[in-house]
Structures are given as structure tokens and as C-alpha cells.
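In what follows, a single structure is set out as C-alpha cells and then discussed.
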Amino acid sequence: MNDHQTSPQADPAPLPHLRPVRGVALYATLALALAGVAWVARAVWHVRLAVAGEPASGPPDQGEGVHRTLTSLEDSYHLVSSVGGFAVVVCVLAFLSWLNRMRENARLLSGTPPHYAGIWVYASWIVPIANLWIPRGLIADVHQKSAPGERLPWVVNVWWGLWLVGLFSGVGLVYSDSTDEVIARAYSEVWPLLASDLAVVGAAVAAIFVVRAVTAAQERRMEVGGPVSP
């Protein structure tokens, strides 16, 4: 009689502290869509301003601290611009929340520390020179640690190229001009404004696909590596 019994193979131990990412990915996607819609609205108002033409009284900011009374169209653009700024803040918070969770999960999945220190999750977007490549590098590092051996999704490079155009075009996400000065630009040189608007909207759309692709890659790895802890 054979007393030897084969014990059942133990299930792989769950990876500790992994957190679900689908929810934060959804929030980031919705926030990016909101920002994209807000920038489409800005583009529409830029066209409306250009078509209406500058009033005979000149631009809103007439220099030396003198501002004339705004037209109803100019006044509505101020509202559109403010809503767009709020949408960008919401988008930033949601996107960084997603990136932080993805980054921590990627660290646990790979067993190696992130390539960039945690401060760069926030600082890399605003520090000159660093903002040319580190934000993209953060995404690439998360993907590489979450899906080793897989190629970086091509949409990451599309997103980053459009982001840089929108960021550094001088009329996009970051500009020193006041809202009244942007209105004056719409009257005199609307095409650069529209080109920047298009780049920002394209970057928002591409970022949605980045979030979806990188999140899906991490979720596949989490299913193989172990269940998500509550």
C-alpha cells in the first residue's frame, strides 16, 4: 500500500498591498474628456472672436492699466476660460492620482523601486528641462514594470508630442498673457491659437488611450501575479 499522498499545489501568494486601478483610471479618463471638451469650447470662442472682429474701440486691454468695457462675446469668453481652467485643475488631480496608484502597484509588481523619485510625479511637469522628458518617463517606467517585455504603447509618444506642442506653443496650457490679451490675439492672429487648441485637445484624447492601455497592462499582470488585496 502506498502511503505517499501528493499534496495539492498551493496557490501563489497574493502580492501585498496592490490596490485596484480601474476606478482611478475611470476618473482620470472622465477628467481628461472634461478638459478636452473645455478646450474645444475655447477653440469655438476663438473662432467666434475672430469672425466678429475687433471692436472699433480697440482691444480690451488698451495699455497703461486702461481696460474698456467688454462686449458680451468677450465677457462670455472670460467665463469659458475660467471653466477651462477649473477643468484643467480637475484633470491634473485625477491624472496624478491615477499615476501615483499605478506607480506604487508597479513597484510592488516588479519588486524594484521606481526609476524616478516620488517628488518628480509632481515637480517634473513644471521644472524647466525636466518637463521635456520626465513625465513621459514616469509613464514608460510604470508600463515597463507592469508589463515587462511588452513594447511601450505607441500612443504614449503621440500623447507626449501633442502635450509638448500645446504646452510650449505660447498660447496653450501655459502662457503669460491675460485673458484680455488672448482675446486680442484671437482678433489679430487666431490661427496660432487654434493650432494650440487642437494640440491640447489631441493630447487629452491621446492621454485617455494612454490611461486605458497602461491600466489594462497592469491589470493583466495583477491577475497573473495574485489577487488585489482589499
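Everything quoted here is computed from the prediction, not taken from an experiment.
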Less than 4.5 Å apart, side chain to side chain, heavy atoms only: is that true for [X] and [Y]?
X      : Y      : answer
Ser110 : Thr112 : yes
Trp163 : Val200 : no
Arg19  : Asn105 : yes
Leu138 : Ser124 : yes

[atom1] ([X]) with more than 12 external heavy atoms under 6.0 Å:
X      : atom1 : result
Tyr187 : OH    : yes
Tyr27  : OH    : no
Arg68  : CZ    : yes

[X] side chain to [Y] backbone, donor-acceptor under 3.5 Å:
X      : Y      : value
Gln218 : Met102 : yes
Ser196 : Pro192 : no
Ser81  : Tyr77  : no
Trp160 : Leu132 : yes

Test log, rule side chain to side chain contact (heavy atoms under 4.5 Å, CB included), inputs Val190 and Leu49: CA-CA 9 Å; Val190 72; Leu49 288 165; over 6 Å; no

Qualifying side-chain hydrogen bond (donor to acceptor under 3.5 Å, both in side chains) pairs, either residue in residues 90-99, two or more places apart: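 Residue pairs passing side-chain hydrogen bond (donor to acceptor under 3.5 Å, both in side chains), neighbours aside: Trp98-Thr215.
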
Parallel, tilted or perpendicular: ring planes of Phe95 versus Trp159, cut at 30 and 60 degrees: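 Tilted: the ring planes of Phe95 and Trp159 meet at 30° to 60°.
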
With sequence neighbours left out, write down each residue that passes side chain to side chain donor-acceptor pair (under 3.5 Å) with [X], or none if nothing qualifies.
X      : answer
Asp180 : His67, His78
Arg136 : Asn157
His115 : none

Nearest non-hydrogen partners of Ala206 and Val158, listed with the distance: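 Scanning both residues, the minimum pair turns out to be CB-CG1, 4.4 Å.
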
Ionic contact status for Arg101 with Glu104, cut-off 4.0 Å: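 Looking at Glu104 and Arg101, the cut-off is not met.
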
Sidechain N-carboxylate O distance under 4.0 Å for Glu74, Arg48: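 Judged by the 4.0 Å cut-off on N to carboxylate O distance, Glu74 and Arg48 do not form a salt bridge.
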
Trp125-Tyr122 co-clustered via ILVMFWY side chain contacts under 4.5 Å: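 Yes, same cluster.
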
Set of salt bridge (Lys or Arg N to Asp or Glu O under 4.0 Å) partners for Glu150, sequence neighbours left out: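 With neighbours one apart ignored, the set is Arg220.
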
Salt bridge (Lys or Arg N to Asp or Glu O under 4.0 Å) against Arg212, all qualifying residues, sequence neighbours excluded: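 Here no residue qualifies.
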
Interatomic distance, Thr179 atom OG1 to Asp75 atom CG [nearest 0.5 angstrom]: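 If we round to the nearest 0.5 Å, Thr179:OG1 and Asp75:CG are 11.0 Å apart.
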
Within 45° cone of Trp45 ring axis and under 6.0 Å: Arg42 NZ or CZ: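 No cation-pi geometry.
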
Ser146 and Arg221 side chains, donor-acceptor separation under 3.5 Å: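 Per modelled atom types, Arg221 and Ser146 side chains form no pair under 3.5 Å.
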
